[in-house]
Amino acid sequence: MDRAALPFVAVIALVITPLIGVGAISLHYLFGVIVPYVAALIFFAGFIMKVVNWGTSPVPFRIPTTCGQQKSLPWFKHSKLENPVTGIQVIGRMFLEVVFFRSLFRNLKPEIRGGPRIVYGPTKWLWFFALMFHWCFFIIFFRHLRLFTEPVPGVVTFVDRIDSMFQICIPPIYLTDLGLLLGITCLFLRRVIVPQVRYLSLPSDYFPLFLIIGIAVTGMLMRYVIRVDIIKVKELALSLAAFSPKVPQGIGVIFYTHLFLVCVLAMYFPFSKLMHLGGVFMSPTRNLANNNRIVRHINPWNPKVKLHPYEEWEDEFRDKLLDAGIPVEKKG
Amino acid sequence: MYDSGKIIAGLVIFAGLFTVPFIMNRGTAAPPPKLKIVSKAKACVEDTHYMRTSHMKLLNEWRDDALRDGHRLYINNKGKKIHIGLQITCLKCHSDKADFCDKCHAYADVRPYCWDCHFSPEGRKKWASTEGHF
(Lines give C-alpha, C1' and ligand atoms only; values in the text may rest on other atoms or scores of the structure.)
Protein backbone atom coordinates (compact mmCIF):
# COMPACT_ATOMS: atom_id res chain seq x y z
CA MET A 1 0.00 0.00 0.00
CA ASP A 2 3.02 2.29 0.28
CA ARG A 3 2.68 3.23 -3.38
CA ALA A 4 -0.95 4.20 -2.80
CA ALA A 5 -0.16 6.35 0.22
CA LEU A 6 1.48 9.24 -1.62
CA PRO A 7 -1.36 9.71 -4.16
CA PHE A 8 -3.88 9.47 -1.33
CA VAL A 9 -2.16 12.23 0.62
CA ALA A 10 -1.89 14.29 -2.58
CA VAL A 11 -5.64 14.07 -3.23
CA ILE A 12 -6.41 14.95 0.39
CA ALA A 13 -4.16 18.01 -0.02
CA LEU A 14 -6.01 18.91 -3.23
CA VAL A 15 -9.33 18.68 -1.39
CA ILE A 16 -8.03 20.91 1.39
CA THR A 17 -6.64 23.56 -1.01
CA PRO A 18 -10.00 25.09 -2.03
CA LEU A 19 -11.37 24.59 1.48
CA ILE A 20 -8.69 27.02 2.63
CA GLY A 21 -8.51 29.09 -0.56
CA VAL A 22 -12.24 29.75 -0.80
CA GLY A 23 -13.55 28.82 2.63
CA ALA A 24 -10.96 30.72 4.66
CA ILE A 25 -9.43 33.42 2.47
CA SER A 26 -12.21 33.95 -0.10
CA LEU A 27 -10.27 33.56 -3.34
CA HIS A 28 -13.50 32.99 -5.27
CA TYR A 29 -12.22 34.51 -8.50
CA LEU A 30 -9.04 32.44 -8.46
CA PHE A 31 -10.82 29.13 -7.90
CA GLY A 32 -13.94 29.98 -9.89
CA VAL A 33 -12.43 31.62 -12.98
CA ILE A 34 -8.63 31.60 -13.26
CA VAL A 35 -7.99 27.98 -12.33
CA PRO A 36 -10.74 26.62 -14.65
CA TYR A 37 -9.49 28.68 -17.62
CA VAL A 38 -5.86 27.67 -17.02
CA ALA A 39 -6.95 24.05 -16.67
CA ALA A 40 -8.92 24.18 -19.93
CA LEU A 41 -5.96 25.75 -21.73
CA ILE A 42 -3.51 23.15 -20.42
CA PHE A 43 -5.95 20.38 -21.26
CA PHE A 44 -6.46 21.41 -24.88
CA ALA A 45 -2.86 22.44 -25.60
CA GLY A 46 -1.43 19.40 -23.84
CA PHE A 47 -3.83 17.02 -25.51
CA ILE A 48 -3.14 18.35 -29.01
CA MET A 49 0.63 18.47 -28.47
CA LYS A 50 0.62 14.89 -27.22
CA VAL A 51 -1.35 13.62 -30.21
CA VAL A 52 0.80 15.57 -32.68
CA ASN A 53 3.90 14.19 -30.98
CA TRP A 54 2.58 10.66 -31.39
CA GLY A 55 1.74 11.49 -34.99
CA THR A 56 5.38 12.29 -35.76
CA SER A 57 6.41 8.72 -34.95
CA PRO A 58 6.79 6.81 -38.20
CA VAL A 59 4.87 3.57 -38.59
CA PRO A 60 7.00 1.80 -41.19
CA PHE A 61 4.92 -1.34 -41.41
CA ARG A 62 1.64 -2.75 -40.19
CA ILE A 63 1.77 -4.09 -36.64
CA PRO A 64 -1.83 -4.91 -35.72
CA THR A 65 -2.31 -7.50 -33.01
CA THR A 66 -4.73 -9.94 -34.52
CA CYS A 67 -6.57 -12.93 -33.16
CA GLY A 68 -8.57 -14.23 -36.09
CA GLN A 69 -8.09 -15.82 -39.49
CA GLN A 70 -6.10 -13.59 -41.80
CA LYS A 71 -7.49 -12.88 -45.26
CA SER A 72 -6.23 -15.77 -47.34
CA LEU A 73 -7.48 -18.11 -50.05
CA PRO A 74 -11.20 -17.81 -50.74
CA TRP A 75 -12.19 -21.00 -48.92
CA PHE A 76 -10.75 -19.81 -45.61
CA LYS A 77 -13.32 -17.79 -43.70
CA HIS A 78 -11.75 -14.38 -43.14
CA SER A 79 -12.26 -12.93 -39.68
CA LYS A 80 -13.03 -9.34 -40.72
CA LEU A 81 -13.19 -7.70 -37.30
CA GLU A 82 -10.32 -9.56 -35.66
CA ASN A 83 -8.03 -9.33 -38.66
CA PRO A 84 -9.12 -6.35 -40.78
CA VAL A 85 -7.61 -5.66 -44.18
CA THR A 86 -9.65 -2.66 -45.34
CA GLY A 87 -10.39 0.75 -43.85
CA ILE A 88 -14.04 -0.09 -43.19
CA GLN A 89 -13.08 -3.27 -41.35
CA VAL A 90 -10.60 -1.28 -39.24
CA ILE A 91 -13.34 1.22 -38.40
CA GLY A 92 -15.58 -1.65 -37.33
CA ARG A 93 -12.84 -3.07 -35.15
CA MET A 94 -12.00 0.32 -33.63
CA PHE A 95 -15.65 1.04 -32.95
CA LEU A 96 -16.07 -2.18 -30.98
CA GLU A 97 -12.80 -1.52 -29.19
CA VAL A 98 -13.61 2.06 -28.18
CA VAL A 99 -17.27 1.57 -27.36
CA PHE A 100 -17.35 -1.96 -25.93
CA PHE A 101 -13.71 -2.69 -24.95
CA ARG A 102 -13.63 -5.83 -27.09
CA SER A 103 -10.01 -6.66 -26.28
CA LEU A 104 -10.71 -6.56 -22.53
CA PHE A 105 -13.65 -8.87 -23.12
CA ARG A 106 -11.18 -11.43 -24.38
CA ASN A 107 -9.22 -11.27 -21.13
CA LEU A 108 -8.07 -14.73 -20.01
CA LYS A 109 -6.77 -16.01 -16.72
CA PRO A 110 -4.41 -18.96 -16.49
CA GLU A 111 -5.04 -21.33 -13.61
CA ILE A 112 -3.40 -24.57 -12.53
CA ARG A 113 -6.15 -27.11 -12.06
CA GLY A 114 -5.78 -30.70 -10.96
CA GLY A 115 -2.08 -31.34 -11.28
CA PRO A 116 0.45 -30.00 -13.74
CA ARG A 117 -2.09 -28.72 -16.18
CA ILE A 118 -2.68 -25.06 -16.96
CA VAL A 119 -6.18 -23.99 -17.91
CA TYR A 120 -7.07 -20.66 -19.47
CA GLY A 121 -10.49 -19.49 -18.42
CA PRO A 122 -12.33 -16.28 -19.28
CA THR A 123 -12.40 -13.47 -16.71
CA LYS A 124 -15.00 -10.90 -17.57
CA TRP A 125 -15.16 -8.88 -14.38
CA LEU A 126 -12.41 -6.42 -15.32
CA TRP A 127 -14.16 -5.84 -18.65
CA PHE A 128 -17.53 -5.45 -16.91
CA PHE A 129 -16.46 -2.93 -14.27
CA ALA A 130 -14.19 -1.02 -16.65
CA LEU A 131 -17.05 -0.70 -19.12
CA MET A 132 -19.43 0.34 -16.33
CA PHE A 133 -16.99 2.93 -15.04
CA HIS A 134 -16.20 4.45 -18.45
CA TRP A 135 -19.79 4.62 -19.64
CA CYS A 136 -21.01 6.13 -16.37
CA PHE A 137 -18.20 8.67 -16.47
CA PHE A 138 -19.09 9.60 -20.04
CA ILE A 139 -22.80 9.97 -19.28
CA ILE A 140 -22.06 12.08 -16.19
CA PHE A 141 -19.71 14.25 -18.24
CA PHE A 142 -22.38 14.63 -20.91
CA ARG A 143 -25.12 15.40 -18.38
CA HIS A 144 -23.09 18.36 -17.10
CA LEU A 145 -23.92 20.12 -20.37
CA ARG A 146 -27.18 21.16 -18.72
CA LEU A 147 -25.11 23.64 -16.72
CA PHE A 148 -23.30 25.01 -19.78
CA THR A 149 -26.15 25.48 -22.23
CA GLU A 150 -29.28 27.61 -22.20
CA PRO A 151 -31.69 26.43 -23.50
CA VAL A 152 -30.63 22.89 -22.68
CA PRO A 153 -30.58 20.60 -25.74
CA GLY A 154 -33.27 17.93 -25.74
CA VAL A 155 -30.78 15.09 -25.87
CA VAL A 156 -29.16 16.23 -22.61
CA THR A 157 -32.54 16.42 -20.92
CA PHE A 158 -33.42 13.00 -22.29
CA VAL A 159 -30.25 11.41 -20.90
CA ASP A 160 -30.88 13.14 -17.57
CA ARG A 161 -34.42 11.74 -17.37
CA ILE A 162 -33.31 8.20 -18.21
CA ASP A 163 -30.51 8.43 -15.68
CA SER A 164 -32.83 9.51 -12.87
CA MET A 165 -35.83 7.44 -13.94
CA PHE A 166 -36.30 5.53 -10.70
CA GLN A 167 -37.01 8.77 -8.81
CA ILE A 168 -35.38 7.48 -5.66
CA CYS A 169 -34.94 10.32 -3.14
CA ILE A 170 -35.20 14.04 -3.82
CA PRO A 171 -33.39 15.11 -5.93
CA PRO A 172 -33.58 11.76 -7.74
CA ILE A 173 -30.44 9.63 -7.56
CA TYR A 174 -28.67 9.17 -10.88
CA LEU A 175 -27.95 5.55 -11.78
CA THR A 176 -24.64 6.60 -13.31
CA ASP A 177 -23.51 8.11 -9.99
CA LEU A 178 -23.88 4.71 -8.37
CA GLY A 179 -22.38 2.94 -11.40
CA LEU A 180 -19.34 5.22 -11.39
CA LEU A 181 -18.68 4.66 -7.70
CA LEU A 182 -19.16 0.90 -7.98
CA GLY A 183 -17.00 0.69 -11.10
CA ILE A 184 -14.12 2.74 -9.76
CA THR A 185 -14.22 0.99 -6.39
CA CYS A 186 -13.79 -2.34 -8.17
CA LEU A 187 -10.98 -0.95 -10.33
CA PHE A 188 -9.27 0.24 -7.15
CA LEU A 189 -9.84 -3.03 -5.27
CA ARG A 190 -8.38 -4.92 -8.23
CA ARG A 191 -5.11 -3.05 -7.76
CA VAL A 192 -5.09 -3.77 -4.04
CA ILE A 193 -6.33 -7.35 -3.94
CA VAL A 194 -4.84 -9.07 -7.01
CA PRO A 195 -1.16 -9.62 -6.06
CA GLN A 196 0.20 -9.38 -9.60
CA VAL A 197 -1.66 -6.15 -10.36
CA ARG A 198 -0.69 -4.75 -6.97
CA TYR A 199 2.96 -5.45 -7.73
CA LEU A 200 2.65 -3.58 -11.03
CA SER A 201 0.70 -0.60 -9.70
CA LEU A 202 2.48 2.70 -9.39
CA PRO A 203 1.54 5.99 -7.73
CA SER A 204 0.48 7.22 -11.18
CA ASP A 205 -2.08 4.41 -11.24
CA TYR A 206 -3.53 5.23 -7.85
CA PHE A 207 -3.58 9.02 -8.24
CA PRO A 208 -6.24 9.22 -10.99
CA LEU A 209 -8.34 6.66 -9.14
CA PHE A 210 -8.30 8.69 -5.93
CA LEU A 211 -8.82 11.92 -7.83
CA ILE A 212 -11.87 10.59 -9.67
CA ILE A 213 -13.24 9.10 -6.44
CA GLY A 214 -12.78 12.58 -4.92
CA ILE A 215 -14.62 14.21 -7.82
CA ALA A 216 -17.47 11.70 -7.62
CA VAL A 217 -17.82 12.02 -3.85
CA THR A 218 -17.77 15.84 -3.83
CA GLY A 219 -20.22 15.90 -6.73
CA MET A 220 -22.61 13.54 -5.02
CA LEU A 221 -22.28 15.36 -1.69
CA MET A 222 -23.16 18.57 -3.50
CA ARG A 223 -26.27 17.06 -5.04
CA TYR A 224 -27.58 14.93 -2.22
CA VAL A 225 -26.18 16.23 1.08
CA ILE A 226 -24.43 19.63 1.34
CA ARG A 227 -26.58 21.31 -1.23
CA VAL A 228 -25.64 24.40 -3.27
CA ASP A 229 -27.70 26.91 -5.22
CA ILE A 230 -27.72 25.31 -8.67
CA ILE A 231 -28.97 28.52 -10.31
CA LYS A 232 -25.81 30.35 -9.23
CA VAL A 233 -23.66 27.43 -10.31
CA LYS A 234 -25.19 27.57 -13.75
CA GLU A 235 -24.77 31.35 -13.85
CA LEU A 236 -21.04 30.88 -13.22
CA ALA A 237 -20.76 28.01 -15.73
CA LEU A 238 -22.55 29.98 -18.46
CA SER A 239 -20.44 33.08 -17.83
CA LEU A 240 -17.28 30.98 -18.12
CA ALA A 241 -18.53 29.41 -21.36
CA ALA A 242 -19.34 32.87 -22.76
CA PHE A 243 -15.90 34.26 -21.83
CA SER A 244 -17.44 36.93 -19.60
CA PRO A 245 -16.65 35.42 -16.21
CA LYS A 246 -18.72 36.57 -13.27
CA VAL A 247 -18.64 34.82 -9.91
CA PRO A 248 -22.02 34.95 -8.14
CA GLN A 249 -21.88 35.34 -4.37
CA GLY A 250 -22.82 32.53 -2.07
CA ILE A 251 -22.04 29.26 -3.86
CA GLY A 252 -20.92 26.77 -1.20
CA VAL A 253 -17.30 25.73 -0.73
CA ILE A 254 -18.19 22.16 -1.69
CA PHE A 255 -18.77 23.41 -5.25
CA TYR A 256 -15.29 24.93 -5.44
CA THR A 257 -13.80 21.71 -4.11
CA HIS A 258 -15.54 19.72 -6.83
CA LEU A 259 -14.52 22.24 -9.50
CA PHE A 260 -10.91 22.35 -8.31
CA LEU A 261 -10.55 18.56 -8.41
CA VAL A 262 -12.00 18.55 -11.94
CA CYS A 263 -9.51 21.26 -12.95
CA VAL A 264 -6.63 19.22 -11.53
CA LEU A 265 -7.86 16.20 -13.47
CA ALA A 266 -7.97 18.27 -16.68
CA MET A 267 -4.47 19.65 -16.11
CA TYR A 268 -3.07 16.24 -15.21
CA PHE A 269 -4.82 14.54 -18.11
CA PRO A 270 -2.45 15.18 -21.07
CA PHE A 271 0.62 14.08 -19.10
CA SER A 272 -0.75 10.88 -17.65
CA LYS A 273 -2.07 7.43 -18.44
CA LEU A 274 -5.46 9.08 -18.85
CA MET A 275 -4.33 10.06 -22.34
CA HIS A 276 -5.57 6.64 -23.40
CA LEU A 277 -8.63 8.69 -24.36
CA GLY A 278 -6.64 9.89 -27.36
CA GLY A 279 -4.23 6.98 -27.37
CA VAL A 280 -6.82 4.33 -28.09
CA PHE A 281 -7.37 5.93 -31.49
CA MET A 282 -3.62 6.23 -32.08
CA SER A 283 -2.53 2.72 -31.13
CA PRO A 284 -0.97 1.07 -34.18
CA THR A 285 -1.73 -2.42 -32.88
CA ARG A 286 -5.44 -1.59 -33.28
CA ASN A 287 -5.84 1.04 -35.96
CA LEU A 288 -3.82 -0.52 -38.78
CA ALA A 289 -5.16 -2.89 -41.38
CA ASN A 290 -3.34 -6.19 -41.57
CA ASN A 291 -2.38 -5.75 -45.25
CA ASN A 292 1.37 -6.20 -44.98
CA ARG A 293 1.44 -8.51 -47.98
CA ILE A 294 -1.43 -6.97 -49.95
CA VAL A 295 -0.14 -3.38 -50.16
CA ARG A 296 3.48 -2.29 -50.50
CA HIS A 297 4.45 -0.24 -47.44
CA ILE A 298 7.53 1.88 -47.84
CA ASN A 299 9.55 2.67 -44.77
CA PRO A 300 9.35 6.47 -44.41
CA TRP A 301 12.86 6.73 -42.97
CA ASN A 302 14.57 4.74 -45.71
CA PRO A 303 17.65 6.70 -46.87
CA LYS A 304 17.86 7.75 -50.50
CA VAL A 305 19.88 5.01 -52.21
CA LYS A 306 21.72 5.77 -55.45
CA LEU A 307 20.74 2.94 -57.80
CA HIS A 308 22.51 1.79 -60.94
CA PRO A 309 20.12 -0.53 -62.80
CA TYR A 310 21.07 -2.74 -65.73
CA GLU A 311 19.54 -0.41 -68.32
CA GLU A 312 21.84 2.42 -67.26
CA TRP A 313 24.84 0.07 -67.09
CA GLU A 314 24.11 -1.12 -70.59
CA ASP A 315 23.82 2.50 -71.83
CA GLU A 316 27.23 3.16 -70.33
CA PHE A 317 29.01 0.18 -71.93
CA ARG A 318 26.87 -0.41 -75.04
CA ASP A 319 29.64 0.43 -77.52
CA LYS A 320 32.08 -1.93 -75.87
CA LEU A 321 29.49 -4.67 -75.55
CA LEU A 322 28.62 -4.41 -79.23
CA ASP A 323 32.31 -4.33 -80.25
CA ALA A 324 32.92 -7.52 -78.26
CA GLY A 325 29.85 -9.16 -79.85
CA ILE A 326 27.96 -9.54 -76.57
CA PRO A 327 24.15 -9.47 -77.00
CA VAL A 328 22.44 -6.33 -75.66
CA GLU A 329 18.82 -5.47 -74.85
CA LYS A 330 18.74 -2.29 -76.93
CA LYS A 331 20.76 -1.90 -80.07
CA GLY A 332 21.35 1.80 -79.40
CA MET B 1 3.62 14.02 -39.07
CA TYR B 2 2.49 10.76 -40.62
CA ASP B 3 -1.17 10.17 -41.57
CA SER B 4 -1.63 13.85 -40.83
CA GLY B 5 -4.99 14.06 -42.60
CA LYS B 6 -6.57 11.49 -40.31
CA ILE B 7 -4.91 12.83 -37.16
CA ILE B 8 -5.93 16.43 -37.85
CA ALA B 9 -9.49 15.33 -38.62
CA GLY B 10 -9.53 13.46 -35.30
CA LEU B 11 -8.20 16.48 -33.43
CA VAL B 12 -10.81 18.74 -35.03
CA ILE B 13 -13.55 16.35 -33.88
CA PHE B 14 -12.00 16.26 -30.40
CA ALA B 15 -11.81 20.05 -30.17
CA GLY B 16 -15.34 20.42 -31.54
CA LEU B 17 -16.84 18.01 -29.01
CA PHE B 18 -15.00 19.43 -26.02
CA THR B 19 -15.77 23.06 -26.85
CA VAL B 20 -19.52 22.58 -27.28
CA PRO B 21 -20.24 24.89 -24.28
CA PHE B 22 -18.18 27.70 -25.84
CA ILE B 23 -19.67 27.19 -29.28
CA MET B 24 -23.25 27.04 -28.09
CA ASN B 25 -23.07 30.20 -25.99
CA ARG B 26 -21.37 32.27 -28.71
CA GLY B 27 -19.97 34.76 -26.25
CA THR B 28 -23.19 35.74 -24.52
CA ALA B 29 -24.42 34.01 -21.39
CA ALA B 30 -28.19 33.67 -21.05
CA PRO B 31 -29.28 35.70 -18.01
CA PRO B 32 -30.39 33.84 -14.89
CA PRO B 33 -34.15 33.80 -14.27
CA LYS B 34 -35.86 36.62 -12.39
CA LEU B 35 -38.62 35.42 -10.15
CA LYS B 36 -41.99 36.96 -9.39
CA ILE B 37 -43.28 36.60 -5.84
CA VAL B 38 -46.54 37.98 -4.52
CA SER B 39 -45.30 38.74 -1.01
CA LYS B 40 -48.05 38.16 1.45
CA ALA B 41 -45.84 36.75 4.17
CA LYS B 42 -42.68 38.52 5.38
CA ALA B 43 -40.49 35.44 5.17
CA CYS B 44 -40.62 32.01 3.63
CA VAL B 45 -40.85 28.79 5.63
CA GLU B 46 -37.10 28.73 6.25
CA ASP B 47 -34.32 31.19 5.39
CA THR B 48 -33.67 32.13 1.77
CA HIS B 49 -30.46 30.11 1.33
CA TYR B 50 -32.09 26.97 2.65
CA MET B 51 -35.17 27.48 0.49
CA ARG B 52 -33.10 28.06 -2.63
CA THR B 53 -30.90 25.02 -2.17
CA SER B 54 -33.14 22.54 -0.39
CA HIS B 55 -36.82 23.40 -0.92
CA MET B 56 -37.29 20.06 -2.64
CA LYS B 57 -36.16 18.21 0.49
CA LEU B 58 -38.59 20.22 2.59
CA LEU B 59 -41.45 19.59 0.18
CA ASN B 60 -40.63 15.90 0.15
CA GLU B 61 -40.71 15.77 3.96
CA TRP B 62 -43.95 17.71 3.95
CA ARG B 63 -45.51 15.26 1.56
CA ASP B 64 -44.53 12.33 3.79
CA ASP B 65 -45.71 14.16 6.93
CA ALA B 66 -49.04 15.21 5.49
CA LEU B 67 -49.99 12.28 3.32
CA ARG B 68 -48.39 9.33 5.06
CA ASP B 69 -48.40 10.38 8.72
CA GLY B 70 -51.25 12.89 8.74
CA HIS B 71 -49.19 15.61 10.44
CA ARG B 72 -50.13 19.02 9.13
CA LEU B 73 -48.00 21.11 11.46
CA TYR B 74 -44.44 22.18 10.73
CA ILE B 75 -42.31 24.09 13.18
CA ASN B 76 -39.55 26.00 11.46
CA ASN B 77 -36.09 26.97 12.70
CA LYS B 78 -37.39 30.08 14.39
CA GLY B 79 -40.10 28.13 16.19
CA LYS B 80 -42.91 29.43 14.06
CA LYS B 81 -45.82 27.07 13.41
CA ILE B 82 -46.68 26.59 9.75
CA HIS B 83 -49.50 24.64 8.14
CA ILE B 84 -48.18 21.93 5.85
CA GLY B 85 -49.69 22.20 2.38
CA LEU B 86 -48.36 23.04 -1.04
CA GLN B 87 -51.47 24.66 -2.42
CA ILE B 88 -52.61 26.25 0.83
CA THR B 89 -49.26 27.49 2.16
CA CYS B 90 -46.65 27.72 -0.61
CA LEU B 91 -48.85 28.89 -3.44
CA LYS B 92 -50.21 31.77 -1.33
CA CYS B 93 -47.09 33.79 -2.14
CA HIS B 94 -45.63 31.78 -4.99
CA SER B 95 -48.88 31.84 -6.85
CA ASP B 96 -47.53 32.07 -10.35
CA LYS B 97 -46.16 28.68 -11.30
CA ALA B 98 -44.98 29.80 -14.73
CA ASP B 99 -43.17 32.84 -13.32
CA PHE B 100 -41.81 31.22 -10.20
CA CYS B 101 -41.39 27.44 -10.22
CA ASP B 102 -40.96 26.83 -13.91
CA LYS B 103 -38.38 29.52 -14.61
CA CYS B 104 -35.66 28.10 -12.38
CA HIS B 105 -36.63 24.52 -13.10
CA ALA B 106 -36.31 25.14 -16.82
CA TYR B 107 -33.01 26.99 -16.30
CA ALA B 108 -31.56 24.13 -14.25
CA ASP B 109 -33.26 21.54 -16.45
CA VAL B 110 -35.12 19.75 -13.69
CA ARG B 111 -38.68 18.51 -13.95
CA PRO B 112 -40.13 17.85 -10.52
CA TYR B 113 -43.18 15.61 -10.34
CA CYS B 114 -45.15 17.88 -7.96
CA TRP B 115 -47.70 18.58 -10.64
CA ASP B 116 -48.43 14.93 -11.33
CA CYS B 117 -50.81 15.18 -8.34
CA HIS B 118 -51.19 18.87 -7.55
CA PHE B 119 -53.03 21.42 -9.61
CA SER B 120 -51.15 24.56 -10.44
CA PRO B 121 -53.23 27.70 -9.91
CA GLU B 122 -53.55 28.19 -13.66
CA GLY B 123 -54.55 24.59 -14.14
CA ARG B 124 -57.15 24.98 -11.42
CA LYS B 125 -58.74 27.95 -13.18
CA LYS B 126 -58.87 26.07 -16.44
CA TRP B 127 -60.39 23.09 -14.69
CA ALA B 128 -63.01 25.28 -13.03
CA SER B 129 -63.97 26.96 -16.30
CA THR B 130 -64.45 23.69 -18.15
CA GLU B 131 -66.31 21.99 -15.29
CA GLY B 132 -69.72 23.12 -16.42
CA HIS B 133 -69.35 21.51 -19.77
CA PHE B 134 -69.10 17.94 -18.50
Side-chain angles (χ1 to χ4, degrees), chain A residues 40 43-44 47-48 51-60 141-153 156-157 160-161 164 167 169-172 222 224 226-246 248 250 252 277-278 281-282 287 300, chain B residues 1-35 46-64 100-114 116:
Chain A
F43 175 74
F44 282 112
F47 197 104
I48 289 168
V51 169
V52 169
N53 180 31
W54 284 335
T56 55
S57 308
V59 184
F141 186 77
F142 183 74
R143 269 203 281 100
H144 277 74
L145 272 180
R146 82 178 168 116
L147 300 172
F148 290 95
T149 51
E150 179 61 31
V152 180
V156 178
T157 307
D160 198 279
R161 296 293 167 277
S164 57
Q167 300 190 331
C169 292
I170 295 275
M222 186 163 48
Y224 305 113
I226 317 167
R227 306 180 41 71
V228 296
D229 189 345
I230 191 80
I231 303 300
K232 285 178 184 165
V233 171
K234 182 159 183 176
E235 211 182 319
L236 173 64
L238 280 179
S239 77
L240 287 175
F243 295 111
S244 52
K246 195 167 125 274
L277 171 64
F281 296 98
M282 302 285 285
N287 69 10
Chain B
M1 202 158 68
Y2 300 92
D3 277 329
S4 52
K6 284 176 200 158
I7 291 174
I8 289 166
L11 283 176
V12 168
I13 293 170
F14 157 76
L17 288 179
F18 276 77
T19 51
V20 160
F22 301 114
I23 296 164
M24 287 189 69
N25 282 293
R26 285 184 219 90
T28 44
K34 286 206 171 64
L35 304 181
E46 296 285 358
D47 64 86
T48 314
H49 180 75
Y50 179 82
M51 292 314 290
R52 280 205 181 146
T53 59
S54 306
H55 60 275
M56 66 298 277
K57 292 224 145 164
L58 183 86
L59 289 172
N60 203 39
E61 281 163 25
W62 277 23
R63 182 200 60 190
D64 292 354
F100 187 77
C101 309
D102 292 351
K103 269 193 175 169
C104 280
H105 289 157
Y107 187 70
D109 192 34
V110 287
R111 263 174 232 174
Y113 48 83
C114 309
D116 289 5

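In the text below, chain A, chain B and the rest are named by the order of the sequence lines, each starting its count at 1. Hydrogens, waters and symmetry mates play no part in the numbers below; they use all other heavy atoms, side chains included.
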Next item on the list: Inspect the surroundings of CZ in B:R63 and state if more than 12 heavy atoms from other residues, nucleotides or ligands are less than 6.0 Å away.
Entry: yes
Note to self: Quick check on A:F47: does its CZ atom have over 12 non-hydrogen neighbours (other residues, nucleotides or ligands) under 6.0 Å away?
What the structure shows: yes
Tell me, for [X] versus chain A, whether the close heavy atoms (under 4.5 Å) come from the side chain, the backbone, both or neither.
X	value
B:D3	neither
B:R26	neither
B:S54	both
B:M24	side chain
B:P31	neither

Next item on the list: Go through the structure and list residues passing ring pair (Phe, Tyr, Trp, His ring centres under 6.0 Å) with A:W54, not counting sequence neighbours.
Entry: none
Check: Can you name the residues that form a side-chain contact (heavy atoms from CB on, under 4.5 Å) with B:H105, not counting sequence neighbours?
Finding: B:H55, B:C101, B:V110, B:P112
Tell me, side chain or backbone of [X] under 4.5 Å from chain B's heavy atoms, or both, or neither?
X	answer
A:Y224	backbone
A:S57	backbone
A:V52	both
A:I231	both
A:L277	side chain
A:P153	side chain
A:F243	side chain
A:I170	both

Note to self: Quick check for you: among A:M282, A:K232, A:R146, which has the greatest number of heavy-atom pairs under 4.5 Å with chain B?
What the structure shows: A:R146
Check: Quick one: OG1 on B:T53 to CG on B:D47, what's the gap to the nearest 0.5 Å?
Finding: 8.0 Å
Margin query: If I take atom CE from residue B:M56 and atom CD from residue B:E61, how far apart are they, to the nearest 0.5 angstrom?
Written below: 12.0 Å
Check: Which salt bridge (Lys or Arg N to Asp or Glu O under 4.0 Å) pairs, counting each pair once, include a residue from residues 233-243 of chain A, with sequence neighbours left out?
Finding: A:E150-A:K234, A:E235-A:K246
Taking the side chain as everything from C-beta on, heavy atoms only, tell me whether [X] gets closer than 4.5 Å to [Y].
X	Y	result
B:P21	A:T149	no
A:R227	A:P171	yes
A:V51	A:I48	no

Notebook entry, point to check: Is B:D109 salt-bridged to A:R161, cutoff N-O under 4.0 Å?
Noted result: yes
Notebook entry, point to check: Is there any residue in residues 10-20 of chain B with a non-hydrogen atom under 4.5 Å from a non-hydrogen atom of chain A, and which ones are they?
Noted result: B:L11, B:F14, B:F18, B:T19, B:V20
Check: Please walk me through it: do A:D160 and B:R111 pass side-chain contact (heavy atoms from CB on, under 4.5 Å)?
Finding: CA-CA 10 Å; A:D160 198 279; B:R111 263 174 232 174; over 6 Å; no
Note to self: To check you understand the geometry: which heavy-atom pair defines the closest contact between B:A108 and A:I230, and what is its length?
What the structure shows: CB-CG2, 3.9 Å
